[in-house]
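Okay, so here's the structure we're looking at.
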Amino acid sequence: QVQLVESGGGLVQAGGSLRLSCTTSGRTFSNYAMGWFRQAPGKEREFVATISWSGLSTYYADSVKGRFTISGDNAKNTVYLQMNSLKPEDTAVYYCAADPISVIGTTPPDYWGQGTQVTVSS
């Protein structure tokens, strides 16, 4: 059974930091693109960041560029999202996603995690 399990969410004050983790199991995700999305209350899910499984290629939404960093550890089958200088507007449920081609392609990613809540207080 393929699983993506997120962890690391929580409550933090504005300006603070959190690191989210996404651990994969059930199959190998070599050559998969991995990514993070988020969904705030009353809003559509939006792209945050993506990384190739090799780690050589990353791409970020403009809203998080310079504050968030996506990285991966193949040995641990884990992808991370380091979030710094957090703002109240970063409050959302954050989802991990995986796809053999791209997480920001014309179709939704094949695999999703269950999500982890991030709340940033002002």
Side-chain angles (χ1 to χ4, degrees):
Q1 181 180 0
V2 175
Q3 280 192 311
L4 304 179
V5 179
E6 302 98 333
S7 61
L11 173 64
V12 64
Q13 289 187 333
S17 299
L18 281 175
R19 188 177 79 158
L20 305 183
S21 300
C22 171
T23 301
T24 66
S25 63
R27 65 155 296 142
T28 177
F29 282 91
S30 297
N31 298 319
Y32 269 57
M34 304 294 297
W36 290 93
F37 290 74
R38 66 187 182 186
Q39 187 167 20
K43 295 187 177 181
E44 294 187 354
R45 189 174 300 186
E46 65 174 3
F47 165 76
V48 175
T50 184
I51 187 170
S52 60
W53 196 250
S54 67
L56 296 177
S57 177
T58 59
Y59 180 70
Y60 298 88
D62 287 343
S63 58
V64 306
K65 201 173 294 182
R67 300 188 298 123
F68 291 10
T69 302
I70 189 170
S71 62
D73 185 335
N74 289 355
K76 295 182 179 180
N77 294 322
T78 300
V79 175
Y80 303 98
L81 185 68
Q82 178 66 43
M83 306 185 294
N84 298 329
S85 301
L86 283 162
K87 305 174 181 179
E89 50 264 44
D90 294 318
T91 295
V93 177
Y94 283 70
Y95 297 90
C96 179
D99 192 272
I101 300 176
S102 172
V103 300
I104 48 175
T106 55
T107 58
D110 283 356
Y111 301 103
W112 291 91
Q114 82 289 350
T116 185
Q117 177 70 47
V118 171
T119 302
V120 184
S121 63
S122 57

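Residues meeting the side-chain contact (heavy atoms from CB on, under 4.5 Å) test with Pro108, sequence neighbours left out: none. Take Ser71 and apply the side-chain contact (heavy atoms from CB on, under 4.5 Å) test, not counting sequence neighbours, and it matches Tyr80.
For the atom pair Leu4 CG and Ser25 OG, the distance stands at 8.0 Å (nearest 0.5 Å). The distance from the CZ atom of Phe68 to the CG atom of Asn84 is 8.5 Å, given to the nearest 0.5 Å. For the atom pair Thr69 OG1 and Arg19 CZ, the distance stands at 11.5 Å (nearest 0.5 Å). Between Ser122 atom OG and Gln13 atom CD the span is 9.5 Å, to the nearest 0.5 Å.
For the pair Ala49 and Tyr60, the tightest heavy-atom approach, listed with the atom from each and the gap, is CB-CD2, 3.6 Å. When all heavy atoms of Ser52 and Leu56 are compared, the pair lying nearest together is OG-N, 3.4 Å. Looking at every heavy atom in both residues, Trp36 comes nearest to Cys22 through CZ2-CB, 3.6 Å. When every heavy atom of Leu81 is checked against every heavy atom of Val48, the shortest pair comes out as CD2-CG1, 4.2 Å. What you find for Ala14 and Pro88 is that their closest heavy atoms are CB-CD, 4.1 Å. Of all non-hydrogen atoms in Gln82 and Ser17, the two that sit nearest each other are NE2-CB, 3.9 Å.
Counting Ile, Leu, Val, Met, Phe, Trp and Tyr side chains that sit under 4.5 Å apart, directly or through other members, Ile104 shares a hydrophobic cluster with Phe37, Phe47, Tyr59, Val93, Tyr95, Val103, Trp112.
In terms of modelled atom types and a separation under 3.5 Å, the side chain of Glu6 and the main chain of Cys96 share a donor-acceptor contact. Within the 3.5 Å criterion, the main-chain N or O of Asp110 finds a donor-acceptor partner in the side chain of Asp99. Side-chain atoms of Gln39 never come within 3.5 Å of backbone atoms of Ala92 as a donor-acceptor pair (strictly under, hydrogens ignored).
The shortest side-chain heavy-atom distance between Val118 and Met83 falls under the 4.5 Å cut-off.
A salt bridge links Asp62 with Lys65: the distance from a Lys NZ or Arg NE/NH1/NH2 to an Asp or Glu carboxylate oxygen falls below 4.0 Å.
No side-chain donor from either of Thr91 and Thr119 sits under 3.5 Å from a side-chain acceptor of the other.
Each of Ile70, Thr50, Thr24, Leu20 was checked for a side-chain contact (heavy atoms from CB on, under 4.5 Å) with Val79, and the lone residue meeting it is Ile70.
By the neighbour-count criterion of 12 heavy atoms within 6.0 Å, atom CD1 of Ile101 is sparsely surrounded, having that number or fewer from other residues, nucleotides or ligands.
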